[in-house]
There are 2 protein chains.
Amino acid sequence: MTSGISSDQAGARRAAVTLRDVAREAGVGLGTASRALAPGSQYVADDVRSRVLAVAERLSYRPNASARATTTGSTPTIAVLVSDIRDPYYAQLVHGAIGKARGDGQMVTITGTDHAVDDEVRVIRMLRSQRPRALVLTGPRTGSPASLLRELERYERDGGRVVVAGDDDLPFDTAVVPRQEGARLLVTTLRELGYRSIALIRPAADTADVRAWEAGIVQGARAAGVRVDVVRTPGVERSRDGGRAATAELLDDGRPDVDAVVAATDTMALGALSAVRDAGLEPGRDLGVAGFDDVVDADDVVPGLTSVDLSLEAIGGAAVDLALLAPAAERRRIEFDARVAVRGSTPPRG
Amino acid sequence: MTSGISSDQAGARRAAVTLRDVAREAGVGLGTASRALAPGSQYVADDVRSRVLAVAERLSYRPNASARATTTGSTPTIAVLVSDIRDPYYAQLVHGAIGKARGDGQMVTITGTDHAVDDEVRVIRMLRSQRPRALVLTGPRTGSPASLLRELERYERDGGRVVVAGDDDLPFDTAVVPRQEGARLLVTTLRELGYRSIALIRPAADTADVRAWEAGIVQGARAAGVRVDVVRTPGVERSRDGGRAATAELLDDGRPDVDAVVAATDTMALGALSAVRDAGLEPGRDLGVAGFDDVVDADDVVPGLTSVDLSLEAIGGAAVDLALLAPAAERRRIEFDARVAVRGSTPPRG
DNA sequence: CTGAAAGCGCTTACAG
DNA sequence: CTGAAAGCGCTTACAG
């Protein structure tokens, strides 16, 4: 680090080519230049338009998005709130959003939040300054949503759009992650593979996503005639270690003839794989293991982990679609299919 | 999808509380209100300031960042160009950047590019509209950088800052990924573990990052007295399958008494692990395998993959630091230490 | 179809 | 310390 100059200096910005420059150079008025450059506008003579376009190209003119936004009132950006972009779950959502946004001429902004309501409120207050066209909420959150809803309503009142990509528990347009359906499908599939009795490994925190997953499992099990034990280990975290601990406890208890362990997330399932090995068993052969989210690169683990693909990329894209819709009285939902990926960790049983 | 209304509608934005509202409500002029709200400004009476602040709070006022930007000339955002946010390499960089930016009151924008020069130029042209305070370039790129440099110079001329987070091959302030040092360290470490002869698995494309890695390996090997074979399989991609194919070829060739396979990326190393198994060998015990980037969750693989931690998060943060510095005549570089993580895939050798 | 003018919501010299 | 005014770079009715 060599510079002692204040990092607050913005630099000399005034140099950029401006619409006025283009208009002067093309010999037209400001308004005409503006219209010529606007893709939609009809009211420009063809020759004038092409002249303006040529000048703009030659000067390498780029419209000032901020100036446009202060006229327009909003920015062509969509703000996505995620807790951790390194988490493949969020990375997939964001990737889908970026791809779709790009086609629609929108930017994507990523803002970090720990998904506690208080923090989300703080972040949204900050974001309101930006006047993003839409806010995309993700992830399960902790805390009572009352203050969050107030803040979001204020944002909507100012013309912003609020969209959820995740669970179906907030009163906004939602691209629903098909957890419940996915969980149901997983049980059905396990049943077809010959599994009869499964144990659920879940984090202690009772968030909306885990509830949806568990509901789906229980529902599917009832329909398919599969027995379900829920392992409720106090304090278990949504992590590899959490999955390992809970599974270890299950196995210590002399597991009530369970033939598969089903975890709420792939990460926890990886912990379950280790715990099974720690107990001297061979995952897959001796005890089935399945995850959820299909976020782990299947082939990176041995055996490959059976999981549920939740179409997260498509959901990220759908959230952008919803964000660009005009607000409507009724709430809109988009839901994609879940797909079970059967791999080595749940071989056909008996 | 129920709405037939054009998605181009921006909604009624005019509702938002404005500085004028705050000033009127507080009974002061616009200028005074502006100054009272500006964190730095001294020239406001304390009682006036607190009155304005109270009104702003009560009205839930949030300054319009676009309006501020059209006065100021730039936006408090840092644009990061990445090819794929799902790639943990980029996810880590971006995560580091977000964390640092947040502390500095900057937003982070993610823009996708395939890292071909032509595409980067296109993306940067788009971004120039946004007037982001800085552009952070990442990743190795393909194509001749001439047109890219032209575009970036234009951006700098308008007052923007260009920063690189990656290889040290562009004439801008750079947060250097310590590939060469890391590669050198890896060989030294392998030597200490007892390895004498290694084969390098590399993608066919000769990008800056791979060159740096290879140079580091060769350099380290020379110093430590380790023999190096470079496996140059035409067309091999920087992927799991690429690593698998190249390793398979090496093993087919009756590998010249190599005792470890060292891949240019963790992903390729995972492919190498598979190829070793395919050949009926046990990775680790029969043949050492090492990767690079330490991007794979160590415990997800069996055996754990020896790799090099490149401090990517810190580098992402450092890029933001550089971005916020005033431009300077001399080019600045920040380099972090690399660290070798030894795991089960390279046990001590005889 | 086009130009001059007003306006978007701020910030920043400029006189008090 | 403070208010009125000019200006940032656009867009958009409003008269031609």
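The structure displayed is predicted, hence computed values, not measured ones. A note on names: the letters A, B, ... follow the listed sequences, proteins ahead of strands, and every chain is numbered from 1. When reading the values below, keep in mind they use all heavy atoms of this one structure, side chains included, and skip hydrogens, waters and symmetry mates.
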(request) Give a yes/no answer on whether the side chain of A/Tyr61 brings an N or O atom under 4.0 Å of OP1 or OP2 in D/dC10. (result)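 Looking at the OP1 and OP2 atoms of D/dC10, one of them is under 4.0 Å from a side-chain N or O of A/Tyr61.
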
(message) Using OP1 and OP2 only, check whether a side-chain N or O of A/Thr18 sits under 4.0 Å from D/dC10.
(response)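 The answer is yes; a side-chain N or O of A/Thr18 sits under 4.0 Å from OP1 or OP2.
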
Interatomic distance, [X] [atom1] vs [N] [atom2] [rounded to whole Å]:
| X | N | atom1 | atom2 | value |
| --- | --- | --- | --- | --- |
| A/Arg24 | D/dC10 | CZ | P | 12 Å |
| B/Arg20 | C/dG7 | CZ | P | 10 Å |
| B/Arg131 | D/dG9 | CZ | C1' | 9 Å |
| B/Asn64 | C/dT11 | CG | P | 10 Å |
| A/Leu37 | C/dT2 | CG | P | 14 Å |
| B/Asp158 | D/dG9 | CG | P | 11 Å |

What's the closest nucleotide to the [X] side chain, out of [options]?
| X | options | answer |
| --- | --- | --- |
| B/Leu19 | D/dT2, D/dC10, C/dT11 | C/dT11 |
| A/Arg68 | C/dG9, D/dC1, D/dC10 | D/dC10 |
| B/Val28 | D/dG3, D/dG9, D/dC10 | D/dG3 |

I need the full list of salt bridge (charged side-chain N to carboxylate O under 4.0 Å, His left out) pairs touching [range], with sequence neighbours left out, sorted by first then second residue.
| range | result |
| --- | --- |
| residues 23-35 of chain A | A/Asp21-A/Arg24, A/Glu25-A/Arg58 |
| residues 74-84 of chain B | B/Asp84-B/Arg86 |
| residues 39-53 of chain A | none |

(message) List the residues meeting side chain to side chain contact (heavy atoms under 4.5 Å, CB included) with A/Ser83, not counting sequence neighbours, and say none if there are none.
(response)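 Testing A/Ser83 for side chain to side chain contact (heavy atoms under 4.5 Å, CB included), a comparison that skips the adjacent residues, returns A/Tyr90, A/His115.
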
(message) Taking B/Arg333 first and then B/Asp173, would you say they form a salt bridge - that is, a charged N and a carboxylate O separated by under 4.0 Å?
(response)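 Salt bridge absent between B/Arg333 and B/Asp173.
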
Taking only N/O atoms, report every protein-nucleotides 12-16 of chain C pair under 3.5 Å with atom names and distance.
{"from": "C/dA13", "atom 1": "N6", "to": "B/Arg35", "atom 2": "NH1", "distance (Å)": "3.1"}

(message) Taking only the P atom of each, what is the distance from C/dC14 to C/dC10 in whole angstrom?
(response)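 Looking at atom P only, C/dC14 and C/dC10 are 24 Å apart.
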
(message) Roughly how many Å apart are D/dT12 and D/dG16, using the P atom of each and rounding to a whole number?
(response)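 Per the computed distance, 22 Å lies between those P atoms.
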
(request) Please collect all ring-ring contact (aromatic ring centres under 6.0 Å, His included) contacts where either partner lies in residues 54-85 of chain A, sequence neighbours excluded, each pair once. (result)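 For residues 54-85 of chain A: none.
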
(request) Just jot down the salt bridge (charged side-chain N to carboxylate O under 4.0 Å, His left out) partners of A/Asp167, sequence neighbours excluded, or say none. (result)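 Result, salt bridge (charged side-chain N to carboxylate O under 4.0 Å, His left out) vs A/Asp167: A/Arg179.
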
(request) Please list, chain by chain and in numerical order, all residues satisfying side chain to side chain donor-acceptor pair (under 3.5 Å) with A/Arg128, sequence neighbours excluded. (result)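 Scan of A/Arg128 (side chain to side chain donor-acceptor pair (under 3.5 Å), adjacent residues dropped) gives A/Glu151, B/Ser60.
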
(message) Nearest heavy atom decides the nucleotide; on that basis, is B/Val44 or B/Ala67 closer to the 5' end of DNA chain D?
(response)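 Nearest-nucleotide comparison on DNA chain D picks B/Val44.
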
(message) Dot-bracket, 5' to 3', for DNA chain C please: Watson-Crick or G-U pairs under 3.5 Å, [ ] where pairs cross earlier ones, | where the partner sits on another strand, dots elsewhere.
(response) |||.||||||||.|||

(message) Looking only at side-chain N and O atoms, does B/Arg331 offer a donor or acceptor that is under 3.5 Å from a partner on B/Thr174?
(response)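 Yes, because at least one side-chain N or O of B/Thr174 sits under 3.5 Å from a partner of the opposite role on B/Arg331.
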
